[in-house]
Each structure stands twice: as structure tokens, then as C-alpha cells.
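What follows is a short report on a single structure.
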Amino acid sequence: MSLELSERLKQMAPSATMAMAAKAKELKAQGRSIISFTAGEPNFNTPDAAKKFAVKAMNENQTHYTVTAGAIELRQAIAGYYARHFDLKYDAAKEIITGTGAKQLLYEAMGCLVNPGDEVILFAPAWVSYYEQIKLFGGVPVIIDTESDNYIPSPDKLEQAVNNKTKIIILNNPNNPTGAVYPHDVLEKIARIAVKHNLIIINDEIYERLIYGVNYLPHVLKLVPDARDLILNINGVSKSYAMTGWRLGYALGCEKIIKGLNSLQGHLTSNTSSITQWAAVGALTEPEVELEVENMRVEFGKRRDLAVKLLNEIPGLKFTEPSGAFYIFIDISNFLNKKLANGKIYKDDAAFCNDILDEKGLGLVPGSAFLSSNHVRISYSCSEDDIIEGMKRLKEFLA
Ligand code: PMP
Ligand code: GLU
């Protein structure tokens with residue numbers, strides 16, 4: 001029997017973040033000492049309030065399908081959060097949908113908005129899944145590199161890239177993998193370009209609670225309110241509330257787009273788990289959770305400082321200090337194409353990441369997965385002890 005996978009799938013690269021995290025977990029399960037700087041997932045526990053709401057939901061038999069968009073109580077909780085936190089009004093019944101992680105909602109957004117040949121602008125380095133999701137729907141990713149601009153998108157370069165095929169701009173602020181937080185004037189200029197050319201902004205703000213130095217980021221819509229119908233906000237509980245495994249993301253936007261997402265999701269997963277939905281109501285509405293979220297942010301800030309300090313002690317590495325999320329994107333070009341301590345020469349970041357995991361038990365993600373070769377991404381969402389040990393292993397490997 002000859003089995004042929006679809007052309008669509010053959011053109012898709014698997015998720016490098018998930019693949020590297022899985023490989024690190026597998027080696028750990030074999031008894032190896034592994035430090036994983038791979039997947040970005042907080043090592044904190046889910047807040048008790050969320051767990052209590054989940055248990056209550058189970059005991060009260062809230063264990064059936066909900067409507068596709070999610071229980072109205074959850075959508076009201078999300079509307080309440082956006083009103084409280086960003087001073088933005090969204091209609092819980094018509095302008096909000098919840099799904100199985102921000103990742104699913106991003107996929108649905110591409111599915112609802114991208115026609116074959118449509119151009120989607122991405123600022124690189126960019127999170128692994130955008131590029132593949134765009135291509136899955138026949139879209140054309142148009143990449144604007146930000147490396148020479150300190151990882152801040154250039155509105156001028158954006159304006160130059162826009163043409164009559166451009167449909168969407170993807171914004172991810174704070175950014176994965178660079179940790180960059182975009183200045184207000186840049187956000188404002190980007191939104192004005194979107195309004196001028198009638199482009200949709202997919203605004204992935206999953207890391208909005210993780211910023212260091214300041215504790216509040218103005219929402220792009222507060223800067224350019226005219227862009228309201230063009231902006232689709234994507235967010236979720238994974239990162240802010242340490243709830244990656246529960247799988248709950250949300251999208252907020254104009255009724256037309258949310259209705260589209262709803263139709264697509266109705267044929268995909270229907271609602272996300274009802275128990276998860278109630279856990280998220282707990283996370284978003286119980287007052288004590290705010291303090292827990294703030295404590296996690298402060299902890300991540302300390303880990304960032306530690307990781308930056310230790311990286312600065314390794315000669316030859318180059319990186320821009322991050323201000324948000326929990327990643328550092330490191331230029332390793334000084335260590336490629338030359339013999340390292342183990343006697344080997346690495347031509348690219350992928351080979352480098354494979355060997356440092358095999359030899360040193362240190363999991364990193366290659367920059368090429370984020371459309372930026374000769375780099376590696378570290379996630380410092382693990383414990384301080386792991387950061388110290390992981391940096392020691394990196395230093396030895398590069399010696
Ligand atoms: N967007 C970005 C930029 C991310 O880093 C992630 C990582 N998990 C997601 C979306 C998806 O998050 P989730 O599906 O866990 O909500
Ligand atoms: N977003 C996280 C990361 O970039 C988790 C993995 C994923 O969703 O790709 O590591």
C-alpha cells in the first residue's frame with residue numbers, strides 16, 4: 001500500500017517548540033538530567049480559585065456541551081476583564097468567542113480571513129505557528145525582519161510592504177521569541193496604517209500581563225479607537241494564569257469576524273472543555289487571583305534579570321534584553337562554523353540545538369523555527385535553579 005499525505009501537510013513543518021519540548025521530556029523520562037529552556041510554560045501552579053471553580057462545575061454536572069463560543073458566564077468574565085484591565089467594551093454575546101487555546105483561535109482566524117494568494121504580514125522573528133497557519137489556508141506570508149531595528153517593527157517598512165494583496169498584519173506584543181515590548185508610537189503608527197489601507201490586525205496579546213519595568217501596557221485600540229472593527233484580539237489563560245494544560249483561549253473582535261470563527265469552530269471542536277471554561281471563570285473573576293498573577297510577573301522579572309546576568313557572562317553571545325514575555329532570543333553566529341569544546345563544528349542553529357540537548361541535556365529552540373536562523377530561543381519560565389544550571393551547561397558547551 002502506498003500512503004500519500006496531503007500536499008498541504010507535506011509543505012508544513014512540525015511545531016519546533018512542541019517538538020523540542022517533547023524531546024526534552026522524553027530524555028528526562030529515560031532518567032537523563034535535563035534542563036528544558038524549550039516550551040514557554042510557567043512552572044507555577046494554576047490558581048486555587050480556578051481549580052475550585054472546576055471542581056464545583058464537575059460536582060454540579062456542568063459536564064455537557066456548551067454553546068460553541070463558550071458559556072455566556074465565561075464570555076461575560078472576559079468582557080469584564082477587558083473593561084477592567086484595558087477600559088475596552090466588548091459585547092459578551094456577540095463579540096467574544098472562547099476556544100481550545102489561543103493557538104486554535106489563531107488558526108480559525110486565518111481560516112476565516114485568508115483567501116489563497118492573500119498576503120499576511122509577519123514581523124520576524126515570529127512565533128512558530130503563524131507561518132504554517134497562513135500557508136495552510138493558501139495565504140502568502142510576507143516577512144518584515146526586525147533584527148536590525150532592535151526587534152521593534154518599523155512602520156516605514158510596513159508601509160512599503162503593503163500592496164493590494166495585503167489582507168492582515170499579525171502583531172504579537174509582548175513578543176515571542178524576542179521578549180520585545182513595542183513602544184506606543186509604533187503601535188499607533190501600525191494601527192493607523194491598518195486603518196488607512198483597511199487591513200485586519202490579528203493582535204496576539206497572550207503575554208500582555210508579562211511586562212517588566214512597568215506593569216501596564218496601553219491597548220493598541222486605546223491609541224487608535226477607529227481601528228476597532230479591524231482588530232481581532234487573541235488572548236487566553238495559558239501564560240498569565242499558568243493554565244497551559246487547561247486549553248482555553250479567547251478572541252475579541254467585531255461581530256462579523258467572531259461569527260465567522262464561531263462557524264468554523266462549530267465544525268472543528270465545538271466548545272472547549274466545559275470544566276476548563278468554569279476554571280477560567282474562577283481565574284478571571286475571583287479577586288485574589290489578581291495578586292497571584294502579579295506575584296508571578298514579579299517572579300518572572302527576577303528570572304529575567306538572572307538569565308540576562310548569566311548570559312552576559314558568556315563571551316560571544318549577542319542578544320537584546322527582553323522587556324516582556326519569558327523568552328530571550330540569542331544570536332549564536334559567533335559559535336557556528338567553528339570548532340567548539342566537543343570538537344564539533346555546527347553549520348546551523350538546528351544542529352546546534354540537537355547536540356546541546358543530546359550532550360549537555362539542555363533543551364533550546366532553534367531560531368530558524370521563528371524565521372531567524374543563527375539564533376536560539378531560551379524560555380526562562382522554569383525555576384531559578386534550572387536557569388542557573390542551564391546557563392552553566394550552555395557556557396560549558398560554548399567554552
Ligand atoms: N501565541 C503565542 C505568541 C504563543 O507563544 C503561544 C504559546 N503557547 C500561543 C499563541 C498559544 O497559546 P495557547 O494555545 O496555549 O493559548
Ligand atoms: N507558545 C509556547 C512556546 O512558544 C508553547 C509552545 C507552542 O504553543 O508552540 O514555546
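Every value quoted in this text rests on a predicted model; they were computed, and no experiment measured them.
Atom CZ of R84 has more than 12 heavy atoms from other residues, nucleotides or ligands within 6.0 Å. Within a 6.0 Å radius of NZ in K94, no more than 12 heavy atoms belonging to other residues, nucleotides or ligands are found.
Using cut-offs of 30° and 60° on the angle between ring planes, the pair Y327 and Y207 is perpendicular. Ring-plane geometry between F86 and Y82 is classed as tilted, the angle between the planes lying from 30 to 60 degrees on a 0 to 90 degree scale.
Between K157 and D149, the closest side-chain pair of non-hydrogen atoms falls below 4.5 Å.
Between W246 and S273, the side chains place no donor N or O within less than 3.5 Å of an acceptor N or O (distance only, hydrogens not considered). When only modelled atom types and interatomic distance are considered, D349 and N374 share no side-chain donor-acceptor pair under 3.5 Å. In the model, D87 has no side-chain atom that pairs as donor or acceptor with a side-chain atom of H219 under 3.5 Å. The closest side-chain donor-acceptor pair between S154 and D156, if any, does not fall under 3.5 angstrom. A donor-acceptor contact under 3.5 angstrom links the side chains of R303 and N43, judged on distance only. For the residue pair Q11/E7, the side-chain donor-acceptor check at 3.5 Å is not satisfied.
The two residues S240 and I206 come nearest to each other via the heavy atoms OG-O, 4.1 Å. Between L223 and L187 the shortest heavy-atom distance is CD1-CB, 3.9 Å.
Using a cutoff of 4.0 Å between basic side-chain nitrogens and carboxylate oxygens, E359 and K344 are scored as salt-bridged. In summary, K360 and E396 engage in a salt bridge, as defined by a charged side-chain N under 4.0 Å from a carboxylate O.
Aromatic pair Y151/F123: centroids not less than 6.0 angstrom apart. In this structure, the ring of Y241 has its center no less than 6.0 angstrom from the ring center of F44. Annotation: F397 is not in aromatic contact with F335 [ring centroid separation under 6.0 Å not met].
A cation-pi arrangement is found for R228 relative to Y90, the charged atom lying closer than 6.0 Å to the ring centre and inside a 45° cone about the ring normal.
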